[in-house]
Amino acid sequence: MDIDKLAKGIVAGERRALARGITLVESSRADHREQATALLAALPKEHEALRIGLSGTPGVGKSTLIESFGMMLIGQGLRVAVLAIDPSSSRSGGSILGDKTRMDLLARERAAFIRPSPSQTHLGGVARRTREAVTLCEAAGFDVVLIETVGVGQSETVVAEMSDVFLLLLAPAGGDELQGVKRGIMEMADIIVVNKADGDLKPAASRTCADYAGALRLLRKRLQDPDGFPKAMMVSALEENGLSEAWAEVQTLAGWRKDHGFWQRTRAAQARYWFEQAVKHALLAQLEAPKAKAALAELSDLVAQGLEDPTKAALDFVAQLDRSLA
Ligand code: GDP
C-alpha cells in the first residue's frame, strides 16, 4: 500500500482515502499496524478540529441529537465527523451504537463522515483505534469531530480523554432522583444536556435540568473552566430546540480554554495519558509471547507446589522479561 498517496488523499479530503485509513488503523494485523503507524507519522498535525465527546445511556437520544446537531453545523458550512466507542461491541459482538439506520440524513451529507465503533475484545483496543481515527479526521480537515459513547461504565473516561469538550446527555427524570449518574461521570461533564424538553416531558426536563445545575454547583471548581461552567441546559433534539444555544456554549467554553492555555494543556495531558496506556498495553502484550507464556506457566507451577515464593518468583520473572523472553 502506498502510504504517502493515502496520506495525500486524506489531506485532500477524499472520503474513500479517509475510510481506508481508518480501516488500516482498525486492523490488528502486524503489517497493517506498521503501515498505520507510518500513515499517522506522515499526516500533518497543524489542523485541529474541535473534538466533542458525547455520552448517554441507550434511548436518551444520542443519534437524534447528533443528526440534528450535525445538520445544523453543516448548515453553517462546517464539516462534521462522527465516531463512536461502543463497549458492548467489544464484549458481545452485538453493538448498541452500530445500527445502520441511525443518522440517516447526516449520513447522506457530503460534509459529514460517520464511522461506527470498531469491534474488539478490549476497550483499550477500541480506544486506541478511535483515537487514531480522530487524528485522521483532523488531518482530513473536519471542523468538528463528535465522539459518541454509551454511558455504561469506563467508556466515558476513554472518550473524555480524547475530547476537548465533553457533553453528558440525559433524559428527563420521572422523580426526584438524580438518575443514578455516578459522581465521577458528572465530574467529567462540561455541559449536561437534558434532552426531550418538549411536549409532556418539558416540565420534567426543567426539573431535571435544575436538579443537575444544583448538583454541578456542589462540585469543586475546575481550573479549566470559566465562570458558569460546568453547566446544565435543556434541548429537544426531536424539535431541534436549544441546539444553537448548546453550540454557542460549546464554542464559548472552547474559546475560553484556548485563550487561557487550557486547550493545549489538556491535549498535552491527554497525549501523556495515551502514551502511558500504550506502554502498558505493549508490556502486557509481551506476556502473550509464546516463550514468556511458557516460562510463566512453569514458574506458576513451582509457586503452586510451594517450591517458589510468589513474590520472589514474580520479581525474577519480570527481571527476565526482556527480549530473550518476549
Ligand atoms: P440513542 O439510543 O441515545 O441514540 O437514542 P435515539 O436517538 O435512538 O432516541 C431514542 C428515542 O428517543 C427515539 O424514539 C427518539 O425518537 C426519541 N427522542 C430522541 N430525542 C428526542 C427528543 O428531543 N424529544 C422526544 N420527545 N423524543 C426524543
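Note that the structure is a prediction, hence the values are computed from the model and not measured.
- We find the CD1-OG distance between Ile22 and Ser27 to be 14.0 Å, quoted to the nearest 0.5 Å.
- Remark: Arg265 qualifies as a cation-pi partner of Phe262 under the 6.0 Å distance and 45° angle criteria applied to the six-membered ring.
- No donor-acceptor distance shorter than 3.5 angstrom exists from the side chain of Asp164 to the backbone of Leu50, with no hydrogens or angles considered.
- The local environment of NZ in Lys221 is crowded, with over 12 non-hydrogen atoms from other residues, nucleotides or ligands closer than 6.0 Å.
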Check your understanding: Between Phe113 and Arg79, does a side-chain contact (heavy atoms from CB on, under 4.5 Å) hold up when you go through it step by step?
Key -> CA-CA 8 Å; Phe113 180 87; Arg79 294 176 65 217; over 6 Å; no
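- Both Val159 and Tyr273 belong to a single network of hydrophobic side chains, linked directly or stepwise wherever heavy atoms of I, L, V, M, F, W or Y lie under 4.5 Å apart.
- The two residues Pro172 and Ala205 make their nearest non-hydrogen contact at CB-N, 3.6 Å.
- Residues Ile191 and Pro230 are not in side-chain contact: their nearest non-hydrogen atoms beyond the backbone lie 4.5 Å or more apart.
- The CG atom of Leu105 sits 11.5 Å away from atom CE of Met103, with the distance rounded to the nearest 0.5 Å.
- Neither side chain, Ser236 nor Asn241, offers a donor N or O lying under 3.5 Å from an acceptor on the other.
- Lys231 places none of its side-chain heavy atoms less than 4.5 Å from the side chain of Ile192.
- Aromatic ring orientation, Trp247 versus Phe69: perpendicular (interplanar angle above 60°, classes split at 30° and 60°).
- Looking at Trp263 and Gln224, their side chains never bring a donor and an acceptor atom within 3.5 Å of each other.
- Judged purely by atom type and a 3.5 angstrom limit, Glu187 has no side-chain atom pairing as donor or acceptor with the backbone of Leu219.
- In this structure, Lys202 places its NZ atom where only 12 or fewer heavy-atom neighbours from other residues, nucleotides or ligands lie under 6.0 Å away.
- For the atom pair Met162 CE and Thr135 OG1, the distance stands at 9.0 Å (nearest 0.5 Å).
- Residue Thr149 forms a side-chain contact (heavy atoms from CB on, under 4.5 Å) with just one option from Ile85, Asp86, Leu54, and that option is Ile85.
- In terms of modelled atom types and a separation under 3.5 Å, the side chain of His260 and the main chain of Asp225 share no donor-acceptor contact.
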Practice item. List the steps, then state whether side-chain contact (heavy atoms from CB on, under 4.5 Å) holds for Trp274 with Arg128. Key: CA-CA 8 Å; Trp274 291 112; Arg128 198 252 307 141; 5.9 Å; no
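- Taking a cutoff of 4.0 Å between a charged side-chain nitrogen and a carboxylate oxygen, Lys280 and Glu276 do not qualify as a salt bridge.
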Review point. For Leu146 and Val80, what are the C-alpha separation, side-chain angles and deciding distance, and is it a side-chain contact (heavy atoms from CB on, under 4.5 Å)?
Key: CA-CA 7 Å; Leu146 271 160; Val80 181; 4.2 Å; yes
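- Here the closest heavy-atom approach between residue Ala254 and residue Val165 is recorded as CB-CG2, 4.4 Å.
- Annotation for Ala246 and Val235: closest pair CB-CG1, 4.4 Å, computed over non-hydrogen atoms.
- Between the His281 side chain and the Gln277 main chain, a donor and an acceptor come within less than 3.5 Å of each other.
- Across all their heavy atoms, Pro203 and Asp200 have their closest contact at CD-O, 3.4 Å.
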Exercise for review: Please lay out, stage by stage, how Ser28 and Arg33 fare under the test side-chain contact (heavy atoms from CB on, under 4.5 Å).
Suggested key: CA-CA 6 Å; Ser28 49; Arg33 267 286 73 215; 5.8 Å; no
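- A salt bridge is absent between Glu138 and Arg131; no separation between the charged side-chain nitrogens and carboxylate oxygens falls under 4.0 Å.
- Judged by distance alone, with hydrogens and angles left aside, the side-chain atoms of Arg129 form a donor-acceptor pair with the main-chain N or O of Glu26 at under 3.5 Å.
- One finds the CG atom of Leu40 at 6.0 Å from the CG atom of Leu136 (value rounded to the nearest 0.5 Å).
- The backbone N or O of Thr57 lies less than 3.5 Å from a partner atom in the side chain of Lys62, making a donor-acceptor pair.
- Nearest heavy-atom pair, Lys196 versus Gly59, reported as atom, atom and distance to 0.1 Å: NZ-O, 2.8 Å.
- A 4.5 Å side-chain heavy-atom check between Val150 and Ser55 finds every atom pair outside the cut-off.
- The distance from the CE atom of Met71 to the CG atom of Leu106 is 6.5 Å, given to the nearest 0.5 Å.
- The shortest side-chain heavy-atom distance between Leu299 and Glu308 falls under the 4.5 Å cut-off.
- Met186 and Val158 fall within the same hydrophobic cluster, where Ile, Leu, Val, Met, Phe, Trp and Tyr residues are linked whenever their side-chain heavy atoms come under 4.5 Å apart, directly or through other members.
- The local environment of CD in Glu48 is crowded, with over 12 non-hydrogen atoms from other residues, nucleotides or ligands closer than 6.0 Å.
- Counting only distance, with no hydrogens or angles, the side chain of Asn195 and the backbone of Val60 share a donor-acceptor pair below 3.5 Å.
- Leu65 CG to Glu148 CD: the interatomic distance, rounded to the nearest 0.5 Å, is 9.5 Å.
- Glu288 places no side-chain N or O within donor-acceptor distance of the main-chain N or O of Lys293, the cut-off being under 3.5 Å.
- Within 6.0 Å of atom CD in Glu34, 12 or fewer heavy atoms from other residues, nucleotides or ligands are found, so the atom counts as exposed in its surroundings.
- Tracing side-chain contacts under 4.5 Å through hydrophobic residues (I, L, V, M, F, W, Y), one never reaches Met72 starting from Leu238; they form parts of separate clusters.
- Side-chain contact, Arg115 with Thr23: a donor N or O sits under 3.5 Å from an acceptor N or O.
- Taking every heavy atom of both residues into account, Thr208 and Ala171 meet most closely at CG2-O, 4.0 Å.
- Residue Asp2 qualifies as enclosed at atom CG: its count of foreign heavy atoms under 6.0 Å is above 12.
- Counting heavy atoms from C-beta outward, Gln286 and Leu321 have side chains that approach closer than 4.5 Å.
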Atom pairs and distances, side-chain donor-acceptor, residues 3-18, under 3.5 Å, sequence neighbours left out:
from, atom 1, to, atom 2, distance (Å)
Arg15, NH1, Arg110, O, 2.9
Arg15, NH1, Ala112, O, 2.8
Arg15, NH2, Ala112, O, 3.2

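- Cluster annotation: Leu170 and Ile185 are assigned to the same hydrophobic cluster (Ile/Leu/Val/Met/Phe/Trp/Tyr, side-chain heavy-atom contacts under 4.5 Å, transitive).
- Both Leu167 and Leu78 belong to a single network of hydrophobic side chains, linked directly or stepwise wherever heavy atoms of I, L, V, M, F, W or Y lie under 4.5 Å apart.
- Salt bridge Asp190/Arg222: present, at least one basic N to carboxylate O contact under 4.0 Å.
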